[in-house]
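Here is the structure we will look at.
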Amino acid sequence: EKGGYDYFMLKEIAEQPKAVADTLLGRIDAAGSLRLDELRIPPRVLRELDKVVIVACGTAFHAGLIAKYAIEHWTRIPCEVELASEFRYRDPILDPQTLVIAVSQSGETMDTLMALRHAREQGSHVLAICNTNGSTIPRESDAVLYTHAGPEVAVASTKAFLTQLVACYLVALYLGQVRGTKWGDEIQDVIKDLSSISGAVERVLKTMEPVRELARSLADKNTVLFLGRHVGYPVALEGALKLKELAYMHAEGFAAGELKHGPIALIEEDLPVVVVVPSPRGRSVLHDKIVSNIQEIRARGARTIVIAEEGDEAVVPYADHLVRIPVTPTLLQPLVAAVPMQVFACELATARGNDVDQPRNLAKSVTVE
Ligand code: M6R
C-alpha cells in the first residue's frame with residue numbers, strides 16, 4: 001500500500017503534482033474563470049463581506065498565513081489568521097459580514113472545530129477547506145471546498161498542505177472574481193499559472209537528490225534555522241515545523257527582516273540556515289533585502305542553504321548550498337518552495353533513525369482540545 005516507497009511520507013511527497021492537479025480539476029472553466037459550485041455561500045453574501053478570518057492548527061495554519069497574502073492582495077478584504085486553539089478564548093470580533101475559513105486536513109481537529117462553532121454562534125459564515133469527505137468540520141460548516149489530496153497517512157502533512165494552498169488560492173481568486181477588483185487582469189493570469197503549477201511541482205521533485213545528500217550530512221546537527229519574507233516567511237515556519245516533528249531537532253522559522261531585532265545573535269560557525277528567496281522579479285526590493293541577510297549571516301559563519309528561483313544569479317556567491325525552484329508568480333511560490341523542505345526533513349529524520357510516518361508523541365488527528 002506504500003506503492004513501492006519505504007514510507008507513506010515519501011509516497012505522499014511524490015503524489016503532490018497529482019494532488020495539486022486533482023484539487024484544480026473541474027474548478028477552472030474553458031474561458032479561464034473559476035467555477036466553485038460547491039461554495040454554497042451566495043455571491044451576494046460574498047460581495048458584502050468586510051473581513052476574512054482563517055482558523056487552523058499546525059501546517060494548516062501555515063497554509064492560512066500564506067492565504068492571507070493572496071486574499072488581501074487580490075480581494076482587498078482584510079484577512080486575519082489565527083491559531084484555532086487561541087481563537088475563541090479572546091472574544092474575537094465576528095458578525096455576518098465575516099467569512100471564517102476553517103482549514104483542516106482531517107476535518108476532526110478539535111481546536112478548529114471549537115473555533116468554527118464559536119464563529120457560527122456569532123452569526124459568521126463558515127467555509128471549510130478540508131481533505132476528508134463527510135468529516136465533522138465540513139459537516140458543521142456552511143460550505144466546504146474539498147482538497148483532493150487523497151488519504152494522507154503519514155503524520156507529517158505534505159500533500160494536504162500543498163492542496164490547502166491551492167484551495168486557499170482558489171477561494172481568494174474566486175472572491176476577487178465575484179467582487180470584481182482592480183486586479184482583474186492579474187487574476188486571469190494567475191488562474192492560468194495555477195492551472196499549470198503541478199508541472200512545476202513535478203520538476204522540483206526531480207531535482208531533490210542533492211537536498212537528500214545535504215540532509216544526510218547534517219544528521220548530527222542540533223539546530224537548523226529557517227528564514228523567509230512575504231509568503232516565504234510562513235514557508236520557513238513550515239520548514240521548521242517539519243524538522244521538529246520528524247527529526248526531533250531544534251528548528252525555528254523567522255521573518256528575515258526580524259533577524260537584526262534579535263535572532264541574528266543565534267548565528268554561529270557552521271549553523272545551517274535555510275533561506276527562502278523571493279523572486280527577483282516583482283517585489284525585487286524584498287529580494288535584494290534577503291540577499292543582504294544571506295550575506296550578513298554568512299559573514300558570521302552560518303552555513304547557508306538557499307532556495308532560489310532558477311536564473312536568480314545574485315544569490316550564487318553567498319550560497320553554500322543552492323536549491324533551485326521553478327519561476328512562479330510571487331504569491332504561488334510556496335507551492336514549489338515547500339517541497340525541498342519536506343524532502344530535507346524526511347531524509348534528515350530517516351538518517352537519524354526516526355520513524356517518519358509515525359513520529360513520537362504525535363497523532364494524525366488531534367481530537368482533544
Ligand atoms: O487535520 P488538521 O489539518 O486539522 O491538522 C492540523 C495539525 O494538527 C497538523 O497540520 C499537524 O501540524 C501536522 N502533523 C503537521 O505536519
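Order of appearance sets the numbers: ligands from 1, and atoms from 1 within every ligand.
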- Query: Do any nitrogen or oxygen atoms of T112 come within less than 3.5 Å of a nitrogen or oxygen of ligand 1?
  - Reply: no
- Note on the structure: Within 4.0 Å of some non-hydrogen atom of Q105, the atoms of ligand 1 are 1 (O), 2 (P), 3 (O), 4 (O)
- Hey, what else clusters with V366 if you join Ile, Leu, Val, Met, Phe, Trp, Tyr whenever side-chain heavy atoms sit under 4.5 Å? V368
- Residue, atom and distance of the protein heavy atom nearest atom 1 (O) of ligand 1 read S106 OG, 2.7 Å
- Item | Atoms of ligand 1, numbered as shown, that sit under 4.0 Å from any heavy atom of S104 | 1 (O), 2 (P), 3 (O), 4 (O)
- Note on the structure: Distance col, row I71:CD1 vs C168:SG, nearest 0.5 angstrom, shows 6.5 Å
- Proximal ligand 1 atoms for A156, defined as those under 4.0 Å from one of its heavy atoms: 16 (O)
- Task: Run the numbers for me: atoms of ligand 1, each under 4.0 Å from some heavy atom of S157, listed by number.
- Result: 15 (C), 16 (O)
- Message: With a 6.0 Å cut-off (strictly less than), is the heavy-atom count around CG of D270, excluding the residue itself, greater than 12?
- Response: yes
- Taking heavy atoms and a distance under 4.0 Å, where does K364 meet ligand 1: side chain, backbone, both or neither? neither
- Message: I need the atoms of ligand 1 closer than 4.0 Å to a non-hydrogen atom of T59, numbered in the order shown.
- Response: 10 (O), 12 (O), 15 (C), 16 (O)
- Nearest-neighbour protein heavy atom for atom 6 (C) of ligand 1, which is reported as residue plus atom name and distance: C57 O, 3.4 Å
- Hits for side chain to side chain donor-acceptor pair (under 3.5 Å) against N133, two or more places apart or cross-chain, chain-then-number order -> none
- Message: Using 0.5 Å steps for rounding, measure from the NE2 atom of H148 to the CG atom of L25.
- Response: 8.5 Å
- Task: Only heavy atoms count here, so choose which of T109, V366, L113 is nearest to atom 4 (O) of ligand 1.
- Result: T109
- Does a side chain donor of either H62 or Q164 reach within less than 3.5 Å of an acceptor in the other side chain? no
- Query: Of the protein's non-hydrogen atoms, which lies at the shortest distance from atom 14 (N) of ligand 1, and what is that distance?
  - Reply: E245 OE1, 3.0 Å
- Without swapping roles, check the side chain of N131 against the backbone of A160 for a donor-acceptor pair under 3.5 Å. no
- Message: Tell me if the NZ atom of K364 is crowded by more than 12 foreign heavy atoms within 6.0 Å.
- Response: yes
- Which atoms from ligand 1 have a heavy atom of K242 less than 4.0 Å away? 15 (C), 16 (O)
